[in-house]
> 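Got a structure for you, questions after.
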Amino acid sequence: MAAGRSGMRRAFTLVELLVSLAVLTIAMTAVATVFAVTTRTASQAAAYSEVQNWTRQFLRQIQEDLRHVDPAAGPLILHGRKQAAYLTAADREAGRYYRELVGNRSLAEGYDPAYNPVENAQYSDPRIDLLAFVTQRPLASQAPALNADANDPYLNGVRFAPNFVVYGHAARGQAQWNGSNYDWPDLGSLEHIASVPQNTPSPLPANQWHLARRSTILRYAFNQTIVNNAGDRERLSLGAATNNLPGDVLDFDLPMLNYELGPVFGRNGALRDPYTPSEWTFIQQKFDRLMYVDTNPGRNRHFATVLDEVPLELQSNLAVHMLPGCAWFQVEFLMPEDPRNSVVYSSPRPNNENYSRRSDMPRWMSIEPDRTYVFVPDSEENRLLIAAQRGSDGRPLNRLLQFGRLDQQTEAPHTSPDGALEQRIIRTWPYALRITVRVVDARGRLDPSQAIVRSVVHRFE
């Protein structure tokens, strides 16, 4: 009997089982926590890398486009806009605005930028500026005609120049299945951030905004400088090729357009100031139909369309895709004749002499919301037209009178007809552009309030 008892195995007690289970639970919880943290960290690292890659791609693209710009060969168009917005859908539900500090925080004491619907001067709603220019960068068609001839150079990847490039926020849409293949979306079904007034929050959260780049090959055609056909505007906006025409090629007379811009500075004797609101009527005729698919200012105005999920049939037409999650796109310029260095702004004036001088370094200038600046080609002809604008007393008029010289001398006041004009550096283009973007993860894997901020500066030679 004793031998039998000694051969029996002793069972675990209830207490021992509970203790073992508790230890196992703690160990599994620790493992699960480590796994969750590791997975989340890896996901965030991948998201950060993805956003960085998108941003780097954008910077490389816009730098390369600008590097091939010849200021004498075409206009530069800057349009300023701000849009009230919520950063995410959750922020929209909470009524929490997305604003960035652009001034002095102490001057906005007592103002809550997140929950106050009235914008404060020290904070800015998201910038959704627009930048357009002509580049001599050779580019191939990204949307060749559907049934093009086998020898068609657009189908075979031949590179062409010049190209009209537009950067700005685009509309979004879904491709439509028609029973046999996918079609581009109808214009009425597109979502756009600027489909509401500026002071009304965008229906599309800022983390879903998409900065786009549309490149249009300008194929020379005599006396064709305005896109009158609504179908052509829609085709360019969607990047949708037809049977016979690529979706990013336009018949256009660029030399004629450059010549027609001359009256802005007095080619026909009617002097216009390009920095006043009156310029929009003239500019609208030349650029509205080229840049926007819908030329009615009261409706959804956009110049490109991006598809959220691109079907295989449309993946060759991705010329309009660029930077998802871009919650801020701002363009600033540096003028060689900065108005803040003119006789009106400069101080002090020693002995009340009527000339100006620099008191500090030139500053970057932003575009006022809902204003469009068009810098005409910086050609020798246009410079001479500007220099020819003088009054009966020999003094320069308008632009030359208001803008200060870069190399002024105190012994040559601006009233001197012989000394002032010759000391001015006349340029119709800015010295440089500064483009700033704030990019968030469109898929929500990163804290949306911590955007990646990048700037690029390009100096025009």
Side-chain angles (χ1 to χ4, degrees), residues 47-69 77-79 81 83 85 126-135 137 139-143 163-175 184-185 190-194 202 204-217 235-240 246-248 290-293 301-310 314-331 433-443 451-458:
Y48 184 79
S49 177
E50 181 179 311
V51 175
Q52 286 277 38
N53 287 336
W54 276 110
T55 306
R56 281 194 294 267
Q57 176 181 328
F58 157 76
L59 295 177
R60 286 195 298 267
Q61 187 74 269
I62 197 169
Q63 285 177 305
E64 191 67 13
D65 284 338
L66 290 171
R67 189 172 70 87
H68 288 81
V69 167
I77 307 167
L78 309 178
H79 179 71
R81 184 175 173 87
Q83 180 66 57
R127 296 289 310 214
I128 54 171
D129 295 348
L130 187 143
L131 168 65
F133 50 86
V134 175
T135 179
R137 178 185 179 187
L139 297 171
S141 173
Q142 298 297 310
N163 289 272
F164 184 71
V165 177
V166 188
Y167 282 89
H169 283 91
R172 288 174 48 193
Q174 295 285 346
W184 288 91
L190 299 178
E191 294 180 304
H192 191 257
I193 60 176
S202 168
L204 199 62
N207 68 336
Q208 297 181 32
W209 293 356
H210 197 124
L211 185 72
R213 169 188 178 271
R214 191 190 78 189
S215 175
T216 303
I217 298 173
R235 174 179 56 84
L236 292 172
S237 170
L238 296 173
D248 53 2
L290 176 62
M291 294 169 58
Y292 298 106
V293 64
R301 294 183 53 164
H302 63 278
F303 69 92
T305 301
V306 296
L307 302 184
D308 290 332
E309 297 180 3
V310 184
L314 300 178
Q315 286 184 355
S316 63
N317 293 0
L318 297 184
V320 297
H321 286 236
M322 180 49 61
L323 187 59
C326 182
W328 182 287
F329 179 68
Q330 183 174 17
V331 182
L433 293 181
R434 180 170 68 181
I435 299 103
T436 303
V437 292
R438 298 175 183 269
V439 189
V440 299
D441 178 31
R443 296 164 61 182
I452 292 177
V453 184
R454 295 290 184 270
S455 292
V456 59
V457 174
H458 178 80

> Can you list the steps and then say if Tyr167 with Val331 is a side-chain contact (heavy atoms from CB on, under 4.5 Å)?
CA-CA 10 Å; Tyr167 282 89; Val331 182; over 6 Å; no

> First locate atom CZ of Arg438, then atom CH2 of Trp209, and finally report the distance between them rounded to the nearest 0.5 Å.
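Between Arg438 CZ and Trp209 CH2, I get 12.5 Å after rounding to 0.5 Å.
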
> State the SG-CZ distance between Cys326 and Arg454, to the nearest 0.5 angstrom.
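These two atoms lie 13.0 Å from each other.
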
> Do you know which two heavy atoms are closest between Pro185 and Leu238, and how far apart they sit?
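Closest heavy-atom pair between Pro185 and Leu238: O-CD1, 4.1 Å.
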
> Indicate the atoms forming the closest heavy-atom contact of Arg235 with Asp248, along with that distance.
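So the two residues come closest at NH1-N, 4.1 Å.
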
> At what distance, to the nearest 0.5 angstrom, does CG of Leu78 lie from CZ of Phe133?
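So the gap between those two atoms works out to 10.5 Å.
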
> How far apart are the closest heavy atoms of Trp328 and Pro126, and which atoms are they?
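Minimum heavy-atom contact is CE3-CA, 3.6 Å.
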
> Are side-chain heavy atoms of Arg127 and Thr436 found at a separation under 4.5 Å?
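Counting from C-beta outward, Arg127 and Thr436 never come under 4.5 Å.
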
> Do Arg214 and Gln142 have side-chain N/O donor and acceptor atoms under 3.5 Å apart?
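The criterion, which ignores hydrogens and geometry beyond distance, is not satisfied for Gln142 and Arg214.
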
> Classify the side-chain pair Asn163/Thr135 by whether it contains a donor and acceptor separated by less than 3.5 Å.
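No, no side-chain donor-acceptor contact under 3.5 Å.
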
> Go through the steps to decide whether Arg443 and Glu50 satisfy the test side-chain contact (heavy atoms from CB on, under 4.5 Å), and finish with yes or no.
CA-CA 11 Å; Arg443 296 164 61 182; Glu50 181 179 311; 3.4 Å; yes

> Identify the two heavy atoms, one from Val166 and one from Ala132, that lie closest to each other, and give their separation to 0.1 Å.
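So the two residues come closest at CG2-CB, 4.1 Å.
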
> Minimum heavy-atom separation for Ala170 to Thr305, with atom names?
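Distance-wise, the nearest heavy atoms are CB-N, 4.3 Å.
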
> Using the side-chain contact (heavy atoms from CB on, under 4.5 Å) rule, take Ile452 and Gln52 through it: C-alpha gap first, then chi angles, then the decisive distance, then the call.
CA-CA 8 Å; Ile452 292 177; Gln52 286 277 38; 3.9 Å; yes

> Would His169 and His192 count as a close aromatic pair, with their ring centres under 6.0 Å?
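Distance test on ring centres: not under 6.0 Å, no.
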
> Can you tell me how far CG of Leu131 sits from CG of Leu211, rounded to the nearest 0.5 angstrom?
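If we round to the nearest 0.5 Å, Leu211:CG and Leu131:CG are 10.0 Å apart.
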
> One pair to check against side-chain contact (heavy atoms from CB on, under 4.5 Å): Phe329 and Ile435. What are the steps and the verdict?
CA-CA 7 Å; Phe329 179 68; Ile435 299 103; 3.3 Å; yes

> Answer yes or no: is there a side-chain heavy-atom contact under 4.5 Å between Arg137 and Val165?
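With C-beta onward as the side chain, the pair stays apart.
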
> How many angstroms lie between atom CD of Gln61 and atom CG of Leu323, to the nearest 0.5 angstrom?
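One gets 11.5 Å once the value is rounded to the nearest 0.5 Å.
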
> How many angstroms lie between CZ in Phe164 and CD1 in Ile217, if you round to the nearest 0.5 Å?
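Nearest 0.5 Å value for the CZ-CD1 distance: 14.5 Å.
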
> Taking Arg81's backbone N and O only, do any of them form a donor-acceptor pair with Asp129's side chain (distance below 3.5 Å, no angle check)?
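The answer is yes, because a donor-acceptor pair under 3.5 Å joins these two groups.
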
> Give the minimum heavy-atom separation between Met322 and Ala212, together with the two atoms involved.
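In this case the closest contact between Met322 and Ala212 is CB-CA, 3.8 Å.
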
